[in-house]
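Only a predicted model underlies this, so the values are computations on that prediction, with no experimental measurement involved.
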Amino acid sequence: LSGVKSPIMDCKICCFTDHISQDRVEHISDIMLDLFERKVRFFGNVKLDTHNYLGVVSEQERSDIIKSADMYVDLSEDYWHRSVMLGTPPIVFADKHIPGINTFTDKKTLEEAIEMTLKGSCDLGAEEGERAVMQSKEKFI
């Protein structure tokens, strides 16, 4: 689905909770608190106990939210490809290096990744995103 930039959904940073377990939330509580303080807007099936959590959204709304955000924080490494395709820079919670994508593993590297993204220091992982899209298309063939 292609997203539509919408003033209603406009935000600095968005994040989806669908594949984040409650145990994981507790395990990365310092990162979550930092994201809450940054007023990140959270959407998805896993409810968070914060006013930043705005509920469950459809796939179309998800695309619109990403398209309307300045950046997308991916805490589960499962949706950043969509962000790349929609042209919104992702920041991914990952131990491994992802070419062209700012990643983080803790609160300090999250701050660095956000600063780098704000400065435009990412190329949206075009090659990695293209490879992932091709792999997903191959699954359907």
Side-chain angles (χ1 to χ4, degrees), residues 1-107 109-141:
L1 299 171
S2 61
V4 177
K5 192 168 181 112
S6 166
I8 295 170
M9 296 181 180
D10 185 52
C11 64
K12 292 252 183 240
I13 306 172
C14 66
C15 181
F16 299 123
T17 64
D18 296 317
H19 298 105
I20 305 170
S21 68
Q22 202 60 42
D23 287 343
R24 183 169 175 101
V25 169
E26 291 170 15
H27 182 68
I28 60 170
S29 60
D30 58 333
I31 290 171
M32 296 302 290
L33 288 173
D34 188 64
L35 294 173
F36 296 160
E37 289 171 6
R38 292 177 186 276
K39 309 227 183 304
V40 171
R41 292 186 181 173
F42 291 90
F43 304 88
N45 295 331
V46 176
K47 186 177 186 321
L48 299 177
D49 191 21
T50 176
H51 66 277
N52 299 30
Y53 174 75
L54 301 173
V56 178
V57 292
S58 69
E59 275 303 311
Q60 182 61 58
E61 290 169 323
R62 188 180 303 262
S63 294
D64 294 347
I65 290 164
I66 288 178
K67 189 75 173 176
S68 301
D70 293 342
M71 67 185 83
Y72 167 67
V73 172
D74 190 335
L75 294 173
S76 55
E77 278 187 83
D78 64 342
Y79 210 76
W80 68 266
H81 299 97
R82 171 67 64 139
S83 179
V84 169
M85 291 185 285
L86 292 169
T88 299
I91 300 171
V92 182
F93 184 59
D95 290 327
K96 65 179 182 185
H97 172 72
I98 304 171
I101 301 295
N102 290 323
T103 60
F104 67 98
T105 56
D106 55 31
K107 184 178 172 178
T109 56
L110 170 62
E111 184 174 339
E112 292 167 1
I114 290 172
E115 290 303 315
M116 295 294 286
T117 302
L118 288 172
K119 291 177 183 175
S121 296
C122 64
D123 64 9
L124 288 183
E127 289 180 25
E128 183 70 21
E130 180 183 356
R131 197 174 313 119
V133 169
M134 294 307 285
Q135 286 174 350
S136 108
K137 282 184 178 180
E138 288 172 2
K139 289 179 186 175
F140 292 109
I141 296 177

> Are the side chains of Val92 and Leu75 in touch, meaning some heavy atoms are under 4.5 Å apart?
Replying inline: no
> Minimum heavy-atom separation for Ser76 to Asp78, with atom names?
Replying inline: OG-OD1, 2.6 Å
> Are any of the side-chain heavy atoms of His19 and Arg24 separated by less than 4.5 Å?
Replying inline: no
> Can a cation-pi geometry be assigned to Arg82 and Tyr72, taking NZ or CZ under 6.0 Å from the six-membered ring centre and within 45° of the ring axis?
Replying inline: no
Going by atom type alone, with no hydrogens or angles, which donor-acceptor pairs under 3.5 Å involve a side-chain atom of residues 25-37 and a protein atom two or more places apart or on another chain?
residue: Asp34; atom: OD2; partner: Arg38; partner atom: NE; Å: 2.8

>> Looking only at the side chains, is there a donor atom on one of Asp23 and Ser21 sitting less than 3.5 Å from an acceptor on the other?
In response: no
> Going by heavy atoms in the side chains, are Thr88 and Asp70 under 4.5 Å from each other?
Replying inline: no
> Backbone N or O of Leu86 within a donor-acceptor pair of the Lys67 side chain at under 3.5 Å?
Replying inline: yes
> If we only count heavy atoms from C-beta on, is the Phe93 to Thr103 side-chain gap below 4.5 Å?
Replying inline: no
Donor-acceptor pairs under 3.5 Å, side chain of residues 110-120 to any protein atom, not counting sequence neighbours: which ones?
residue: Glu112; atom: OE2; partner: Lys108; partner atom: NZ; Å: 2.8
residue: Thr117; atom: OG1; partner: Asn102; partner atom: ND2; Å: 2.8
residue: Thr117; atom: OG1; partner: Ala113; partner atom: O; Å: 2.8

> Do the side chains of Asp18 and Tyr79 get nearer than 4.5 Å, heavy atoms only?
Replying inline: no
> Looking at Asp74 and Glu77, what are the two nearest heavy atoms and their distance?
Replying inline: OD1-N, 2.8 Å
> What distance separates Ile101 CD1 from His81 NE2, expressed to the nearest 0.5 Å?
Replying inline: 8.0 Å
> Between Ile91 and Trp80, does a side chain to side chain contact (heavy atoms under 4.5 Å, CB included) hold up when you go through it step by step?
Replying inline: CA-CA 8 Å; Ile91 300 171; Trp80 68 266; over 6 Å; no
> Are Tyr53 and Phe42 an aromatic pair by the rule of ring centers under 6.0 Å?
Replying inline: no
> For Asn52 and Lys39, which heavy atoms make the closest approach, and how far apart are they?
Replying inline: ND2-CA, 3.5 Å
Please list every donor-acceptor pair under 3.5 Å in which a side-chain atom of residues 5-17 meets a protein atom from a residue at least two apart or in another chain.
residue: Ser6; atom: OG; partner: Ile8; partner atom: N; Å: 3.2
residue: Thr17; atom: OG1; partner: Phe43; partner atom: O; Å: 3.4
residue: Thr17; atom: OG1; partner: Val46; partner atom: N; Å: 3.2
residue: Thr17; atom: OG1; partner: Val46; partner atom: O; Å: 2.8

